[in-house]
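Chain letters run A, B, ... following the sequence lines, proteins first, then strands; residues in each count from 1.
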Amino acid sequence: MNFPMEPYLALLLIGFLPSEVWRWLGLLFGRGLDENSEIILWVRAVATALVAAVVARIVLFPPGALAAVPVEVRLAALGLGFLAFLVFRRSAFAGVIVGEAVLIGGAAALAP
Amino acid sequence: MATPSSEPAAVTSGGFLLGCRTALTSVFAFVISFTYIGFGALCHDYGLSMGWAMLSTALQWAGPAQVILVTGLAPGISLIETAVAVSLSSVRLFPIVVALIPVVRHESTRLWQLIVPVHFMAISVWIESMRMAPRLARDQRIAFCNGVGLTLLSIGVIFTGVGYVIQALLPAIFAAGAMFMTPISFLVSAARNAKLLLDKLALGLGLAIGPAMAFAKVEFDLLWTGIIAGTIAYGAHRLQRSRGRSAAS
C-alpha cells in the first residue's frame, strides 16, 4: 500500500484525542467562571506554576539531544538567559538569544 | 450587558489582524520556527512521512505530546501506554484554557465560537493572549486569540516541513539548541507577564518545587507542582491583599 493509514489513525487516536480532551474540558469548566473570581486567580497561579515546572523538567531531565549537553551548561544557559532578560529591559528576545548562545557555545566548548 | 449592535465586522477583523501581528513580532515566532525544525527532523529520523509530521503539528499542537507520540510509535511500545503518556503531558492545557475562557468570552459568545481558539491554545499562545487580551475591547478578544493562534500554528506547520526536508543538513548540536528553545522562552515570557506577586511567586515556587517533585519521583509531578506552588502563591496573594486592606482602613 502506498498510503498506509495506520500512522494517521495512531495520530488521531493516541496523539490528537488524549491531548485535545484537556482543551475541551478546560472550555467546559472555564465557561461558567468570572474573570475576577477567586477560583480563576488560583487557576492562573496553578497554570503559571505548571509552566515553571515544565521549564525545570526539560532543563533537568531533558529529552533526546539536549541530554547530551552537560547539566551545568543547561543550568548556566537558563540562568544567564534570564539575567539577560532582566538586564535588557525585560526583552524575551535577549533572554532567548543569550540562553541559546550559552547552551550552544558551552556544549561546543565541552565537546570531546 | 449586551454588546453594542452597531459594532461592524471590521472591528472583529481588526482584532484578528492585531493577533497575527502580535504573533509575528513575538519571541514565539522565532522560538516555534526552531522548535518545529527540530520536530520535523525527528520525524524524518523515525521514518514518518512529511505529511504526517505536519499534520501532527496542526492537530496536536503540543510539543512534548508530539515528541512522545513519535518516539512511542516504535515497535514494542504499548499504544495504550503511549496514549496515557501523551495525555499526561498535555494536562497543562487544562488550567491554561480554564484561565483564558473568562478573559475572552462575553455573554453572547456561543460554545462553538470557542472550539477553534481553544484548539490553538498552547503555552505560547496563552502567554501572548493573557498579555494582550485585557487591553482589547471584549468583543475583539476571541478574534485576537484566533489571530495569534493561527499565525503561530501555521509557522509551526511550515517549519515542521522545513525541518523534515533539511534534516540531513542539520548539525547534531542544532537538535539540542532546538529543544532548549522551549524552556528558555517559557521562562522569560512568563516572567515578562508576571506583574502581580501572585504570578511571580507561582513562577518562582514552580521552579523550586518542580525539580524537588521530579527528583523524589512523585507521580504526576508536574500536576502536583502546579497545585502546590499555585496554592501557596494564591495564599500569599490573599494575605498581601488583606494586609493592604487593613492598612488602608
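Using a 4.5 Å cut-off between heavy atoms, I80(B) does not touch chain A at all. Both the backbone and the side chain of I104(A) come within less than 4.5 Å of a heavy atom in chain B. Heavy atoms closer than 4.5 Å to chain A are found in both the backbone and the side chain of I184(B). For chain A, no part of M213(B) is nearby; none of its heavy atoms comes within less than 4.5 Å. Proximity to chain A (any heavy atom under 4.5 Å) is shown, for I96(B), by both the backbone and the side chain. There is no contact between F174(B) and chain A, counting heavy-atom distances below 4.5 Å. Looking at V31(B), only its side chain comes within 4.5 Å of chain A, counting heavy atoms on both sides. Proximity to chain B involves both the backbone and the side chain of A77(A), based on heavy atoms less than 4.5 angstrom apart. Heavy atoms of A194(B) lying under 4.5 Å from chain A belong exclusively to its backbone. Only the side chain of A65(B) comes within contact range of chain A, with at least one heavy atom under 4.5 Å from a heavy atom of that chain. Heavy atoms closer than 4.5 Å to chain B are found in both the backbone and the side chain of F82(A). Looking at L205(B), neither its backbone nor its side chain comes within 4.5 Å of chain A, counting heavy atoms on both sides. With a 4.5 Å cut-off on non-hydrogen atoms, L203(B) touches chain A through its backbone and its side chain both.
Options L60(A), I40(A), L78(A), I97(A) differ in how many heavy-atom pairs under 4.5 Å they form with chain B, and the most are formed by L78(A). For the options V84(B), V188(B), I123(B), I101(B), heavy-atom pairs under 4.5 Å to chain A are most numerous at V188(B). Contact tally against chain A (heavy-atom pairs below 4.5 Å) for G210(B), P211(B), A229(B): the top residue is P211(B). Interface check for chain A: of the options A191(B), A62(B), A175(B), A190(B), the most heavy-atom pairs under 4.5 Å are formed by A191(B). With respect to chain A, the highest number of heavy-atom pairs below 4.5 Å among G72(B), G226(B), P64(B) belongs to G226(B). Between chain A and the residues P183(B), A233(B), G206(B), the most heavy-atom pairs under 4.5 angstrom are made by P183(B). The candidate from G235(B), G38(B), A214(B), A85(B) with the greatest count of non-hydrogen atom pairs under 4.5 Å with chain A is A214(B). With chain B as the partner, the residue from A84(A), A92(A), A68(A) showing the most heavy-atom pairs under 4.5 Å is A92(A). For the set V59(A), L33(A), I39(A), the entry with the most heavy-atom pairs within less than 4.5 Å of chain B is L33(A). With chain B as partner, the option from L17(A), V69(A), L41(A), L13(A) having the largest number of non-hydrogen pairs under 4.5 angstrom is L41(A).
Side-chain atoms of L222(B) and L88(B), non-hydrogen and from C-beta on, never get closer than 4.5 Å to each other. Counting heavy atoms from C-beta on, the side chains of L11(A) and L59(B) come closer than 4.5 Å. Side-chain contact between V87(A) and V98(A): absent, with no pair of heavy atoms (C-beta onward) separated by less than 4.5 Å. Using a 4.5 Å heavy-atom cutoff, the side chains of V104(B) and L114(B) are in contact. At least one side-chain heavy atom of L66(A) sits less than 4.5 Å from a side-chain heavy atom of I58(A).
In F88(A), the CZ atom is not crowded: 12 or fewer heavy atoms of neighbouring residues, nucleotides or ligands sit closer than 6.0 Å.
Residues meeting the ring pair (Phe, Tyr, Trp, His ring centres under 6.0 Å) test with F29(A), sequence neighbours left out: F94(B). In this view, F30(B) and F34(B) satisfy the ring pair (Phe, Tyr, Trp, His ring centres under 6.0 Å) rule, not counting sequence neighbours. Here I115(B) pairs with L27(A) under the side chain to side chain contact (heavy atoms under 4.5 Å, CB included) rule; sequence neighbours left out.
Heavy-atom minimum distance, I173(B) versus A107(A): CD1-CB, 3.8 Å. Across L110(A) and P70(A), no two heavy atoms sit closer than the pair CD1-CG, 3.9 Å. Taking both residues in full, the closest heavy atoms of A58(B) and L153(B) are given as O-CD1, 3.8 Å, listed atom of the first, atom of the second, then distance.
Between L79(B) atom CG and L9(A) atom CG the span is 10.0 Å, to the nearest 0.5 Å. Rounding to the nearest 0.5 Å places CD1 of I37(B) at 12.5 Å from CD1 of I32(B). If you take CG on L187(B) and CZ on F85(A), they are separated by 8.0 Å, rounding to the nearest 0.5 Å. Here L50(A) contributes atom CG and I227(B) contributes atom CD1; the two are 8.0 Å apart, rounded to the nearest 0.5 Å.
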> Taking it one step at a time, do V70(B) and F39(B) satisfy side-chain contact (heavy atoms from CB on, under 4.5 Å)?
Replying inline: CA-CA 9 Å; V70(B) 167; F39(B) 177 71; 3.7 Å; yes
Are there donor-acceptor atom pairs under 3.5 Å between chain A and chain B, and if so which?
residue	atom	partner	partner atom	Å
P7(A)	O	W52(B)	NE1	2.7
Y8(A)	OH	S49(B)	OG	3.2
Y8(A)	OH	W52(B)	N	3.4
G15(A)	O	Q60(B)	NE2	3.1
P18(A)	O	S87(B)	OG	2.9
S19(A)	OG	S90(B)	OG	2.8
E20(A)	OE1	H119(B)	ND1	3.0
E20(A)	OE2	H119(B)	ND1	2.8
W22(A)	NE1	S87(B)	O	2.9
W22(A)	NE1	S87(B)	OG	3.1
R23(A)	NE	V118(B)	O	3.4
R23(A)	NE	H119(B)	O	3.3
R23(A)	NE	M121(B)	O	2.9
R23(A)	NH1	Q60(B)	O	3.2
R23(A)	NH2	Q60(B)	O	3.3
R23(A)	NH2	W61(B)	O	2.8
R23(A)	NH2	M121(B)	O	2.9
R31(A)	O	R105(B)	NE	3.4
R31(A)	O	R105(B)	NH1	3.1
L33(A)	O	R105(B)	NH2	3.0
E35(A)	OE1	R138(B)	NH2	2.4
E38(A)	OE1	Y234(B)	OH	2.4
E38(A)	OE1	R241(B)	NH2	3.2
E38(A)	OE2	R241(B)	NH1	3.1
E38(A)	OE2	R241(B)	NH2	3.3
W42(A)	NE1	T231(B)	OG1	2.9
R44(A)	NE	D199(B)	OD1	3.2
R44(A)	NH2	D199(B)	OD1	3.1
R44(A)	NH2	D199(B)	OD2	3.0
R57(A)	NH2	D221(B)	OD1	2.8
R90(A)	NH2	A191(B)	O	2.8
E100(A)	OE2	M181(B)	N	3.1

